[in-house]
Structures are given as structure tokens and as C-alpha cells.
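Below is one structure, written out as C-alpha cells, with a few remarks after it.
Here is the naming used below: chain letters follow the sequence lines, and residue numbers restart at 1 for every chain.
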There are 2 protein chains.
Amino acid sequence: MTIKDAMNLLRKKGYKMTDRREEILKFFSDEAENKYKTAKDLYDHMEKRYPGISYDTVYRNLHLYHELGILESTELDGEKHFRMTCGGSHHHHFICKICGTTKKLNFCPMDYVSKLLGQYIIDDHKFEVYGLCPKCITTN
Amino acid sequence: MTIKDAMNLLRKKGYKMTDRREEILKFFSDEAENKYKTAKDLYDHMEKRYPGISYDTVYRNLHLYHELGILESTELDGEKHFRMTCGGSHHHHFICKICGTTKKLNFCPMDYVSKLLGQYIIDDHKFEVYGLCPKCITTN
DNA sequence: TTAGTATATCGTAATGATTACGATTTGTAA
DNA sequence: TTACAAATCGTAATCATTACGATATACTAA
């Protein structure tokens, strides 16, 4: 998902384009590219450019972007983390515990597991690998 | 993990056996067998038998049991859930979104994925399937 | 270009899960 | 039975998140 795609989607759905909304998109596509970041991370970034910004604004837009599929999220250590949705075919991620960097894993365990759950209704699944990325290995 | 195993482990490690600690083990091996339950679920259960029990007691023992490997935990909808550790070889779970019931999945995606992460340090992974168990399908 | 209006934001309070801690009670070893 | 470390209680504090009335702003239509 690119900034342009996201902005077009927002306009198409009738949402207003504000400078805050644009800056949030910039944060996730530039500074936090391919990284999972928390609401706090985003707040700290926004606060530099828009002193006095409200947490309400941060959370409201995170939720909106998540609903619209602009952001994807996961829960790490009891805190929600967000990143730009990465398109393409269904896949999962390795996530660095230190910096949140992700690496695409083109593999889905459901290809092997669905058939083991005949009498169950499957709604969803989660597969994530955690550890250190090459960059954080060398600097820690 | 059985109640007896857990009590022996506690004694071996020098922890005291209290009636609260025993009741917590009973909760997870009887009422909540093979189910993921929250701190609140446990608190409500304990409150019936020990009116005025403190959340401190509930959380302190959940953490202790988790550290000792008596309980395993996962985060669902922003809330920690616990269940008796189920032994045997490494595996993952289907988890019912309504009642927390789990079903063992004798499959681990890491058998397929480790080799894709040569230059990464892998510390941990999570694979869970969510949906409805047969019982909740019929009653909902 | 401007006025009108729905939407977005701010400032701040409330909520819910979890953690923390001093005072009191209790399990266990001697 | 006593001594004391550990466990519990009662309650306050913390942290992430949600909520909401008042104000400001983006967008539409004239």
C-alpha cells in the first residue's frame, strides 16, 4: 500500500484529507517502512511536527486506517503494533524484537493444517516468527 | 501437567502450598481443562470460594505458575489467557473464540520456515488457529 | 470565493487490565 | 510451639486505550 493508494481510498470513502492524516501515512511508509510500530511511536513522531496533538487523533486514525486495510496490526508484549499493509499473496512475517523490522515469509501453515480441523469453523490464524534481524544482531 | 506434578514442583522449588494455590490448580485442571482463561475468569472463580481475594494474589500466582511452566499463556483480544501446560512433543493449538477450548495441532511451521531465515536469530514463534469448536457451533 | 456543515481535532477524563506496596496473616522448618 | 520468610489483603498506581464535549477545519455547493 502506497501513500497515494491510501489517500485515494480515503477520498473515495468520503474521509477528509488532513495534514495529520497525511503525516501518519508518511510515518508508516518512510520512517517505519516494513516495521511494526506502536501508537506511542507514532504519537512521539507526530508530537514533533504537531505539538499538542491528541492521543484521540492518533488512535482514531490508526483504527480508521486498519479498518480500511491501509494498516495491518499485531499484538506484541501486550501492545498493539501497526505497519503499512503489504500486498501481494497471503503470507506471514518474521518480526525483529528490537526494531520491529519484518521479513516476509512466503509460507502459510494453513495449507497443511486446515484438513486437521474438519468439524471446526476456522475464522482466522496467526503465524509469526520472532527474533533479531541482521542489523540488530550486529548492533546489540 | 497434573495437579500433583504442579504441587510437587512448587514444593521442590521451596514455594509454600496455600489453599488459594491449590484452588487455582483445580480451576485450570477441572473447570477450565484444555481451555484458555483470563485472570478475570480465575478471579471470579476464586471469589466464590474466597470472598475478598486480592487481584494481587491472582496475578502473582498466574505469573509464578507461568514461570515454572505449570501454565502456558497467550494474548487474545488484548488480554492474557492461561491454560495448564500440555506436555508431549512441541505442538500448536486451535483456539475457540467463544469458550477458549483448544485442540492440539501436531504440526509446527518452523519445520518449513527455519531455513528461510539463515541470517536471522530466531528466538520464538507463534502459530494459532482461531474459530469455533464443534460445541460452540451447535449452541450459537 | 465563500458560507454552511459534517467531520476532525483538541484537551482531558474515564476505563480496563495489570502492577505495586505497606500492613497483616499464614505455612513451614526447627 | 515458635520464629520468620513468604503469601495474602486492601488499595493505590500505572499503562494502554477509549470516550466525549468544545472548538477548528476540510470539503461541497452556491
Inset, instruction - Could I get the full list of side-chain contact (heavy atoms from CB on, under 4.5 Å) partners for A/N8, not counting sequence neighbours? - result: A/R11
Inset, instruction - Return the nearest nucleotide to the side chain of A/R21; candidates are D/dA7, D/dC9, C/dT9. - result: C/dT9
Legend entry - Spacing of A/I53 atom CD1 relative to C/dT12 atom P, expressed in whole Å: 16 Å
Inset, instruction - Answer yes or no: is there a donor N or O on one side and an acceptor on the other, between the side chain of B/Y65 and the main chain of B/R21, under 3.5 Å? - result: yes
Inset, instruction - Starting from P on D/dT8, measure out to CD on B/E22 and report it in whole angstrom. - result: 12 Å
Inset, instruction - Would you give a per-nucleotide map of nucleotides 17-30 of chain D, 5' to 3', where B means the base has a protein non-hydrogen atom under 4.0 Å away, S means only the sugar-phosphate does, and - means neither? - result: BBBB-----BS---
Inset, instruction - Determine, step by step, whether A/K48 and A/D44 satisfy the salt bridge (Lys or Arg N to Asp or Glu O under 4.0 Å) criterion, reporting the C-alpha distance in whole Å, the side-chain angles of both residues, the deciding distance to 0.1 Å, and the verdict. - result: CA-CA 7 Å; A/K48 287 183 217 145; A/D44 290 345; over 6 Å; no
Legend entry - Integer-rounded Å distance: D/dA6 P and B/N61 CG: 15 Å
Legend entry - Donor-acceptor side-chain pairing of A/H92 and A/H125 below 3.5 angstrom: yes
Inset, instruction - Could you state the atom-to-atom distance from CG of B/D41 to P of C/dA17 in whole Å? - result: 10 Å
Inset, instruction - Round to a whole Å and report the spacing from NZ of A/K13 to P of C/dA6. - result: 21 Å
Legend entry - Between D/dA7 (C1') and B/L10 (CG): distance, integer Å: 13 Å
Inset, instruction - Please state how far atom CG in A/D77 lies from atom C1' in C/dA17, giving the value in whole angstrom units. - result: 15 Å
Inset, instruction - Before giving the answer on salt bridge (Lys or Arg N to Asp or Glu O under 4.0 Å), spell out for A/E23 and A/R49 the whole-Å C-alpha distance, their side-chain angles and the decisive distance to 0.1 Å. - result: CA-CA 9 Å; A/E23 185 60 39; A/R49 283 152 185 80; 3.2 Å; yes
Donor-acceptor list for residues 98-114 of chain A side chains, cut-off 3.5 Å, not counting sequence neighbours:
unit_1, atom_1, unit_2, atom_2, d
A/T102, OG1, A/N34, O, 2.9
A/T102, OG1, A/R83, NH1, 2.5
A/S114, OG, A/M110, O, 2.9

Inset, instruction - Note down the inter-axis angle between the two ends of the helix from C/dT1-D/dA30 to C/dA30-D/dT1, five pairs each, to the nearest 10°. - result: 30°
Inset, instruction - Rounded off to whole Å, could you give me the NE2-to-C1' distance for the B/H66 and C/dT18 pair? - result: 15 Å
Legend entry - C/dT9 phosphate, OP1 or OP2, under 4.0 Å from A/R60 side-chain N/O: yes
Legend entry - Those residues that, when tested against A/Y36, pass side chain to side chain donor-acceptor pair (under 3.5 Å) (two or more places apart): none
Inset, instruction - Taking salt bridge (charged side-chain N to carboxylate O under 4.0 Å, His left out) as the test, write out the residues that go with A/D56, two or more places apart. - result: A/R60
Legend entry - Closest contact, heavy atoms only, A/E128 versus A/T74: OE2-OG1, 2.6 Å
Inset, instruction - Select base, sugar-phosphate, or nothing to describe what B/G14 touches, counting heavy atoms under 4.0 Å on all strands. - result: nothing
